[in-house]
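What follows is a short report on a single structure.
Both backbone and side-chain heavy atoms feed into the values below; hydrogens, waters and symmetry mates do not.
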Amino acid sequence: MSVKKRKVEVFSAGCPACEEAIALVRKLACPSCEVTVYEMKDIDVARRAKQLGVRRVPAVVIEGKVAECCAGSGVEEGVLRIAGLGRPL
């Protein structure tokens, strides 16, 4: 029996702000979170980000939805937690 994982995607440009966001996501992630970091330099990653509605980086997508904080001002711990990051499914 496989355990369902929460899909968490982080879109990054490799800048210090992105590295900080990646560190935060990894810190908050629990064993049911499957965190994947994507570099926007890859054209396929950029296309996927656009399809998901990512408008700026860093951006966190949880279960296919851009985290509310990432649609506006930036990555925020409280918003990521509300979106499910760090909580078992």
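Between the CZ atom of R47 and the CG atom of D42 there is a distance of 9.0 Å, given to the nearest 0.5 Å. Rounding to the nearest 0.5 angstrom, the gap separating the NZ atom in K4 from the CD atom in E34 is 9.5 Å. Residue R55 holds its CZ atom at 8.0 Å from NZ of K50, rounded to the nearest 0.5 Å.
Residue-environment remark: CD (E20) stays at or below the threshold of 12 foreign heavy atoms within 6.0 Å.
Taking each heavy atom of A13 and V57 in turn, the nearest pair found is CB-CG2, 3.7 Å. The two residues R81 and L28 make their nearest non-hydrogen contact at NH2-CD2, 2.9 Å. Considering every non-hydrogen atom in both V54 and F11, the closest pair reads CG2-CD1, 4.1 Å. What you find for R87 and S32 is that their closest heavy atoms are O-OG, 4.2 Å.
With contacts defined as side-chain heavy-atom distances shorter than 4.5 Å, the pair E9/L52 qualifies. Here the side chains of L80 and L24 are in contact, with some heavy-atom distance below 4.5 Å. You'll find the side chain of P58 stays beyond 4.5 Å of the side chain of S12, heavy atoms only. Looking at R6 and I62, their side chains come closer than 4.5 Å, going by heavy atoms from C-beta outward.
With K5 contributing its side chain and P31 its backbone, the two residues share a donor-acceptor pair below 3.5 Å.
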Should V8 and V60 be marked as a side-chain contact (heavy atoms from CB on, under 4.5 Å) after you check the CA-CA gap, both sets of side-chain angles, and the distance that decides it?
CA-CA 7 Å; V8 180; V60 181; 4.0 Å; yes
What verdict does the side-chain contact (heavy atoms from CB on, under 4.5 Å) test give for E63 and K7, after you've listed the backbone C-alpha separation in whole Å, the side-chain angles of each residue and the deciding distance to 0.1 Å?
CA-CA 5 Å; E63 291 296 315; K7 186 174 182 178; 3.8 Å; yes
